[in-house]
Colleague: 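To start, I am sharing the structure in question, which I have written as structure tokens.
What you see is a predicted model, and the numbers here were worked out from it, not measured in a lab.
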Amino acid sequence: MLNFTHFKKTSTLALSLSFIMPAIAAENNDKEKYNDVMTVTAHEATKKTGTNTEISEQEIRRDGGTNFGTLMRYQPLISAPGNISGSGSGKSSWDRGGFTGYNIRGLDANRVSIDIDGMPLPIAQGRVNSVGRAGFGTYGIGRDYIDTYMYNKVDIQSGATSVSNANNALGGSVSFQTKTASYYLYPGKTSYFGFQNNYDSTDRSYHQGLTIAGGDDYLNGILVLSRRDGQQGRNHGDSINNYPENWHSNSILAGFGWQMNDEHLLNTTADYNGKTKNSHYDTWDKYGKKIESFDHQRSKNNRFNLAIKDQWKPTNISWIDSLTTQLNYQQTHVYDNTDLKHTSRGNFNTQTHYNTKAYNFITTLLKNYENQKISAGLNAKWSKDESPFYTSAKSQYGRIFPDGDYTKPQADSRSYQLGGFVEDRISFNVNNSNNFYLVPGARAIYQNTKPRHLENMSVTNINSSQLGKQYNGNSDFKILPSMSLMYDITPNMTTYLQYKRGAQMPNQNQLYGSYLAHSQMYVLVGDSNLKTETSDNFELGLKGQPTAGVTLSTAAFYNKYKNFIAYSRYKKNFVGTGNRIVYQSENRDKAYIYGAELSSEFNIGTWFESINGLSARLAIGYNQGKSKSSYLGDKYIEMDTISPLKSIIGLAWDDPNKYYGFALTTTFQKGKKTDGTTRETYNNDGKPIKDSTDDYFRIAGHGIVDLTGYINITKNVKLSGGIYNLTDQKYWDYLSNNKLYKTSNYKYLEMFTAPGRTFQLGMDIDF
């Protein structure tokens, strides 16, 4: 049931934050407030429930969003956890460093959908096959297949995705929209040329980007090129720097738009992103006390995507206003080749791959009828993946595991998903104004996944026929209802209450991962009988323009989860291994997360004409969440994926004539220490689970100050840049480092510090 204590607490916080700052502004603007009530200026986006964030191309440039992580620099409850190459703490020698995915409101990695033009990116790959239980909840291959220069905007849904989102996920979604010619062209402007050149001292990277667009309303095209060259990211350690690496990435996008006739608009886009990296690093044990191997890795990944989209607005079919249909094809390749010099096992080589191929179909119908806005759609996705694996390492336990200590990280698989949704926004007249809305909706999903080529997983002790009894098909069908209520307090200010049912189908890594992969004497396996993770999500929010010069979005939320997938330990006879300790994925945990967030902007010049150009922004995010396993005697323990309280306060000045501008932005984050749990070592023998004795490193709170600015040298040439962490604050990012041990060598701990003072400098040329 809904915990009303938590919901009341966070609701009070959100609503308090909502009214304090606008009230101050309103005192100076009473007359304008009454005028605003008479004029409806709110955009359609303010009429949607839920927390929806848009990051525009201009904001990406303004805030220094040069990569997958810094893109979310100033988001209160969205971040990008990552790892440096060669670290320990559940990381193997041949896992790559980098960002693993996005964390939204306490859920991360594969529980957050990431897509490009509607095509979802491949899942993050767990690393349990290489480090055993120390790798639970960590990822060896992340989801960073992007270059931020290639996109016009990023759309973010926080919390369970809406029924209209074909890429359903429990934690939310991040959708990248590639550049289109129509974004830069308009009547009277039939060509566009843009060039960007910038340097980022964080990783000593240079970037050159080129955008060319041309055409008119009937036929247009765009070409985008991007090249980045960099080195290892910097830390703030006094005694050790990040290990050396160099990397290069290339991205290209080509697309065209064609207004074939009065009814059909066709858009086609092809884009490619590829990155290569060479790195040298040491790999430490998980406790950070000694170095286990000295390694050299050559890695690369690439993604190719083709998208075709047709927007049909029929003139002679009354029950369709518009029908949008798109087809996507995507292919990705990941390859890591690692030479290891192990302190006890000698020299050996390991090669890991993760390759995917996918097709995607989405169609959405819109119809406005009297006081209703009806939307409905269908979607289908087919994908297959494979994970070739090779190692020259010799087995430490040849009698028990004659084929070596590691096998493929997961079986090859094929998956398809069918879905559909319907949603109706019904508006009602209150006091002769359409300002009350009821929004019912539902999504239906069917997913089917099967293993392929099990002979590739066969080992001496077990053949493909025996594997087929352990790993078989998995399918499920879910109906996900949603219900929202909206009320326009004023024409520009809307409050809402919503409920959404969420679902996360098991992925191939959980179903078929880590067969016979082990560390020392135990075995790790997936489970093809896993159930779907589910959630119930409640949100109360307020957003819009409470008064002239103020933009506000705030929400309180409470989410409850069932059937979270994790690994459980058993002692039993397992096919091909005999009586062994076995770790197997299962629907083990339940959890809840609650919190509140606020984002706001204040145009101070609206109230005081003498300082026209002065603005401020305030954002704050708070969440708490606990999980509990099905083990006897277990209790709710704080989830390690819950980020500490974070606030962003900014003050900016933009010259009224837009010749120059600068901003001072401060980010504060509270400290936090991870609570330990013995769930990963519990014997599952009928005795109550014991409390953990693990003592993790406390991530201290911190405050960092960024100074950014720009100057328009001419109408077409702009210089911009920023100094980040202006005060050279030494700190650690909690979500990236929450499993560091307090007893680790301090030299080791310092490797994980965030960068000190860094800068960016860039030039933009636009015609």
Side-chain angles (χ1 to χ4, degrees), residues 50-56 59-60 63-83 96-126 137-148 150-151 153-162 165-177 233 273 301 303 332 502 504 507 509 533 535 537 555 557 559 561 564 593 595 597 599 619 621 623 625 639-644 646 648 667 669 733-738 754:
T51 302
N52 303 282
T53 305
E54 178 182 303
I55 304 176
S56 67
E59 290 171 322
I60 293 173
D63 297 335
T66 58
N67 60 42
F68 189 91
T70 55
L71 185 67
M72 304 297 179
R73 190 194 302 271
Y74 300 127
Q75 299 301 318
L77 284 181
I78 307 171
S79 57
N83 273 299
R96 53 170 51 196
F99 298 105
T100 57
Y102 289 119
N103 181 300
I104 301 179
R105 291 182 176 177
L107 295 185
D108 62 3
N110 298 317
R111 292 188 177 120
V112 172
S113 167
I114 306 175
D115 70 81
I116 297 175
D117 290 338
M119 171 58 84
L121 294 180
I123 64 170
Q125 291 291 297
T138 65
Y139 301 90
I141 296 175
R143 308 177 73 187
D144 184 1
Y145 296 84
I146 70 162
D147 183 324
T148 58
M150 312 302 286
Y151 309 106
K153 67 172 182 174
V154 184
D155 290 320
I156 304 168
Q157 292 182 16
S158 296
T161 51
S162 65
N165 192 329
N167 302 307
N168 61 286
L170 286 183
S173 68
V174 179
S175 301
F176 293 88
Q177 307 297 316
N273 171 261
N301 61 268
R303 175 191 57 81
T332 67
Q504 190 87 35
N507 62 54
N509 201 233
E533 298 179 342
S535 68
N537 306 268
F557 55 89
N559 305 327
Y561 307 93
F564 266 9
I593 299 174
E597 63 178 295
S599 295
N623 57 172
M639 297 169 62
D640 57 27
T641 57
I642 303 294
S643 62
K646 180 180 179 181
I648 300 99
T667 302
Q669 187 145 31
D733 173 63
Y734 170 79
L735 290 176
S736 298
N737 302 296
N738 51 29

Colleague: What about Phe68 and Tyr102, are their ring centers closer than 6.0 Å?
Modeller: yes
Colleague: Any chance you could measure Arg143, atom CZ, to Thr100, atom OG1, to the nearest 0.5 Å?
Modeller: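 Those atoms lie 9.5 Å apart.
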Colleague: Contact between Glu59 and Val154 at the side-chain level, heavy atoms closer than 4.5 Å - yes or no?
Modeller: no
Colleague: Going by heavy atoms in the side chains, are Tyr145 and Pro122 under 4.5 Å from each other?
Modeller: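 Tyr145 vs Pro122: side chains touch.
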Colleague: Donor-acceptor check, side chain of Ser113 to backbone of Ala169, threshold 3.5 angstrom: yes or no?
Modeller: no
Colleague: At their closest point, which heavy atom of Ser736 faces which heavy atom of Gly82, and how far apart are they?
Modeller: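 The answer is OG-N, 3.0 Å.
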Colleague: With a 3.5 Å distance limit and no angle check, can you tell me whether Asn738 reaches the backbone of Asp640 through a side-chain donor-acceptor pair?
Modeller: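 Yes; at least one donor-acceptor contact below 3.5 Å.
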Colleague: Could you tell me if the side chain of Met150 sits less than 4.5 Å from the side chain of Asn273, heavy atoms only?
Modeller: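 Not touching, per the 4.5 Å side-chain cut-off.
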Colleague: Does a donor on one side chain and an acceptor on the other come within less than 3.5 Å for Thr70 and Asn67?
Modeller: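 Looking only at side-chain atoms, Asn67 and Thr70 do form a donor-acceptor pair, the distance falling under 3.5 Å.
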Colleague: Apply salt bridge (Lys or Arg N to Asp or Glu O under 4.0 Å) to Asp117 and list each qualifying residue two or more places apart in sequence or on a separate chain.
Modeller: none
Colleague: Take Gln125 and Asn509, measure what side chain to side chain contact (heavy atoms under 4.5 Å, CB included) needs, and give me the verdict at the end.
Modeller: CA-CA 7 Å; Gln125 291 291 297; Asn509 201 233; 3.4 Å; yes
Colleague: Does any donor atom in the side chain of Arg96 or Asn83 lie under 3.5 Å from an acceptor atom in the other side chain?
Modeller: no
Colleague: So which of Asn167, Asn168, Val112, Asn537 actually passes side-chain contact (heavy atoms from CB on, under 4.5 Å) with Thr161?
Modeller: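 Of all the options given, the one that passes is Asn168.
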Colleague: Closest heavy-atom contact between Glu597 and Pro76?
Modeller: OE1-CG, 4.0 Å
Colleague: Would the distance check show the side chain of Arg303 and the main-chain N or O of Ile146 forming a donor-acceptor pair, the cut-off being under 3.5 Å?
Modeller: no
Colleague: Heavy atoms only: give me the nearest Ile114-Gly101 pair and the separation to one decimal.
Modeller: CD1-CA, 4.4 Å
Colleague: Once you round to the nearest 0.5 Å, how far does CD1 of Ile593 lie from CG of Asn559?
Modeller: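 If I round to the nearest 0.5 Å, the distance is 6.5 Å.
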Colleague: Between Asn623 and Phe557, which heavy-atom pair has the shortest distance, and what is it?
Modeller: CB-CZ, 4.0 Å
Colleague: For the residue pair Ala124 and Tyr139, what are the closest heavy atoms and their distance?
Modeller: CB-CD2, 3.7 Å
Colleague: Please tell me whether Ser79 and Asn103 have a donor and an acceptor in their side chains that are separated by less than 3.5 angstrom.
Modeller: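 No, no side-chain donor-acceptor contact under 3.5 Å.
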Colleague: Could you check if a side-chain atom of Met72 sits within less than 4.5 angstrom of a side-chain atom of Ile156, using non-hydrogen atoms only?
Modeller: yes
Colleague: Taking Lys646 for its side chain and Gln75 for its backbone only, find out whether a donor-acceptor pair lies under 3.5 Å.
Modeller: yes
Colleague: If only atom types and distance count, is the side chain of Arg73 paired as donor or acceptor with the main-chain N or O of Gly65 below 3.5 Å?
Modeller: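 Checked: no pair found.
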Colleague: Assess whether side chain to side chain contact (heavy atoms under 4.5 Å, CB included) is satisfied between Asp144 and Asn301, documenting all intermediate values.
Modeller: CA-CA 9 Å; Asp144 184 1; Asn301 61 268; over 6 Å; no
Colleague: Quick one: do Arg105 and Thr51 satisfy side chain to side chain donor-acceptor pair (under 3.5 Å)? Show the steps, please.
Modeller: CA-CA 11 Å; Arg105 291 182 176 177; Thr51 302; 2.8 Å; yes
Colleague: Going by side-chain contact (heavy atoms from CB on, under 4.5 Å), Tyr151 matches just one of Leu71, Ile55, Ile116. Which one?
Modeller: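 The option that passes is Ile116.
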Colleague: What's the shortest heavy-atom distance between Asn52 and Gln157, and which atoms?
Modeller: OD1-CG, 3.5 Å
Colleague: Do Asp115 and Leu121 have side-chain heavy atoms sitting under 4.5 Å apart?
Modeller: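 Side chain of Asp115 against side chain of Leu121, heavy atoms only: no contact under 4.5 Å found.
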Colleague: Counting C-beta onward and ignoring hydrogens, is there a side-chain heavy-atom pair between Leu170 and Glu533 closer than 4.5 Å?
Modeller: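 The answer is yes, as the side chains (C-beta and beyond) meet within the 4.5 Å cut-off.
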Colleague: Would you say the side-chain atoms of Arg111 and Thr641 include a donor-acceptor pair closer than 3.5 Å?
Modeller: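 No.
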